[in-house]
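I have placed the structure first, in the form of structure tokens, so that the comments after it can refer back to it.
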Amino acid sequence: LAAKRLRPLYPELHVFAFGCPALLDPVQAEACEEFVTTLCNGFDIVPRASFKSARHLRAHICQIAAAVAKEATKRQSQAASVVGRESRKGASVLSSASAQAGAV
């Protein structure tokens, strides 16, 4: 940011930035392209963090959360049907046992 302001006073100014965060919008960043060189580690998150990347991450997390919720609902439904089948099976066993007891 300082280089952008100082550039008119020092036309030969060239900046080397190390792992700096993305502070400028794309238009301003392009305007600084000729006098700013940015170096960053391949695994450094700071230079890659931006509003756009945060929105993309949020959308991806929401997509995963929706898929997990859908799977959880599906499994609850399957569990409920198994429990329903088992309770019906248990009720029929009880009714046949009481019928046998009544026959004696």
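This one's a predicted model, so the numbers in the text were calculated from it and none came from an experiment. In this chain, numbering begins with 1 at the start of the sequence shown.
The environment of NE2 in His14 is crowded: more than 12 heavy-atom neighbours from other residues, nucleotides or ligands sit within 6.0 Å. For Leu9, the CG atom counts as densely surrounded, since its 6.0 Å shell holds more than 12 non-hydrogen atoms of other residues, nucleotides or ligands.
Heavy atoms only, all atoms of each residue included: Pro47 and Cys40 are closest at CG-CB, 3.5 Å. Considering all non-hydrogen atoms of both residues, Leu13 and Phe35 come closest at O-CB, 3.4 Å. Residue Thr38 comes nearest to Cys20 through the heavy atom pair CG2-SG, 3.9 Å, listed as atom of the first residue, atom of the second, then distance. Residues Leu24 and Cys32 come closest through the heavy atom pair CD1-SG, 3.9 Å.
For the pair Asp25 (side chain) and Gln28 (backbone), a donor-acceptor distance under 3.5 Å is present. Remark: side-chain polar atoms of Thr73 are paired, donor with acceptor, to backbone N or O of Ala69 under 3.5 angstrom.
To the nearest 0.5 Å, atoms CZ (Phe18) and CG (Leu39) are separated by 5.0 Å. In this structure, OG in Ser50 is found 11.0 Å from NE2 in His56, a value given to the nearest 0.5 Å. With rounding to the nearest 0.5 Å, the separation of NZ in Lys52 from CZ in Arg55 is 8.0 Å.
Electrostatic pairing of Glu34 and Arg7 counts as a salt bridge here, judged by a charged N lying under 4.0 Å from a carboxylate O.
Taken together through direct or relayed side-chain contacts under 4.5 Å among Ile, Leu, Val, Met, Phe, Trp and Tyr, Leu6 and Val15 form part of one hydrophobic cluster.
Put simply, the side chain of Leu23 reaches to within 4.5 Å of the side chain of Leu1, judged on heavy atoms. By the 4.5 Å heavy-atom criterion applied to side chains, His60 and Gln63 are counted as neighbours.
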